[in-house]
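Below: the structure, in structure tokens.
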Amino acid sequence: MRYFFSLLLGIALGSSVSASPWETVKAPSQGESESIGTYNNGCLAGAEPLPLAGEGYQVMRSQRGRYYGHESMIRFLHDLSKSVHKLELGQLLVGDIAMPRGGRFSSGHNSHQTGLDADIWLKLSDRPLSEEELIDVQPLPMVHIKQYKINKKNWGDKQALMVQLAAADERVARIFVHPVIKEQLCQSEWTDRDWLQKVRPWWGHYYHFHVRLHCPDGDSSCKAQPAPPPGDGCGAELASWKPKPKPKREKVAKVKKKPKAKPIPPAQCLALLRKTSEGLK
């Protein structure tokens, strides 16, 4: 019990008592899948592992143990990979989903805590990768970051169609991509453009896209985000993301900011973590 309270204190204060106790958990809890809390402050009960390889997909960097998700996410990834495979777009490469019981990563993600977020790389392989290649797959940038323009050598119709397939799925709440990728999708001619509302611009997503599912039916402790703004998001909203020239400023000494305390997870998550910590004694 003392161990658990030290973990709780570390979470509440954002201290180094434990970078993230969730990362010490190596197995999901028993029972049906249930997402608890918010995407960036929650956990996952009854997680399912995504098999490391299946029809049309492979899991990358499996040694990190981030291939667990809510059963609805696992089903979604199987369905998407089958569609991608059927259209002969290439081999789907799946990145981080969540840890065995969800929760906060020590670095890399603020979300991915409830098993309803997954990263899918925009790099499409024309063959299954070897185990050695999957351990350290190198990203394929779709955007020239400094020039704020698309990398035409790497971005193409296959990538656009893959994003469209994912966004058109009714289970999907949002998809995050770099603003330049959103711009490319907006400029393409689509018979149906409703799905573009779900595609949200966000920095960093220049070589992968981040899929976020709605809270599953019946998961009463899952806290949903508000719906995206109406419209396809291709007008003034998207233009506002374009970097503006920065005025020259005199150098000012930087003040070191105090790290913000991490929010305390929901009580159900703390109980899930306590069961784990008691098992580790």
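With Y39 contributing its side chain and L213 its backbone, the two residues share a donor-acceptor pair below 3.5 Å. The main-chain N or O of K123 is never found under 3.5 Å from a side-chain atom of Q159 such that the two would form a donor-acceptor pair. One N or O on the side chain of S35 and one on the backbone of T114 form a donor-acceptor pair closer than 3.5 Å. Within the 3.5 Å criterion, the main-chain N or O of V199 finds a donor-acceptor partner in the side chain of K182.
Contact between L80 and A166 at its shortest, heavy atoms only, is CD1-N, 4.0 Å.
For the pair L238 and E183, the minimum side-chain heavy-atom distance is below 4.5 Å. A 4.5 Å side-chain heavy-atom check between L122 and M162 finds at least one atom pair inside the cut-off. Residues R64 and D96 meet the side-chain proximity criterion, which asks for heavy atoms closer than 4.5 Å. With a 4.5 Å cut-off on side-chain heavy atoms, S106 and W22 do not count as touching.
Under the 30°/60° scheme for interplanar angles, the aromatic rings of F176 and H205 are found to be tilted. Relative orientation of the Y148 and H178 rings is tilted, given thresholds of 30° and 60° on the angle between their planes.
No salt bridge links K198 with E170; every basic N to acidic carboxylate O contact stays at or beyond 4.0 Å. Between R127 and E133 there is a salt bridge, with a side-chain nitrogen of the basic residue lying less than 4.0 Å from a carboxylate oxygen of the acidic one.
When the shell of 6.0 Å around CG of D79 is examined, it contains more than 12 heavy atoms from other residues, nucleotides or ligands. By the 6.0 Å contact criterion, CH2 on W202 is open, its count of non-hydrogen atoms from other residues, nucleotides or ligands being 12 or less. For CD of E88, the number of neighbouring non-hydrogen atoms (other residues, nucleotides, ligands) closer than 6.0 Å is 12 at most. The 12-atom threshold is exceeded at CG of D192, counting heavy atoms of other residues, nucleotides or ligands nearer than 6.0 Å. Residue E131 places its CD atom among 12 or fewer non-hydrogen atoms of other residues, nucleotides or ligands, all under 6.0 Å distant.
A distance below 6.0 Å separates the ring centres of H78 and Y57.
A side chain to side chain contact (heavy atoms under 4.5 Å, CB included) with R101 holds for exactly one of C269, P21, C43, S29; it is S29.
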Check step by step if side chain to side chain contact (heavy atoms under 4.5 Å, CB included) holds for V211 and R174. CA-CA 6 Å; V211 176; R174 276 172 167 75; over 6 Å; no
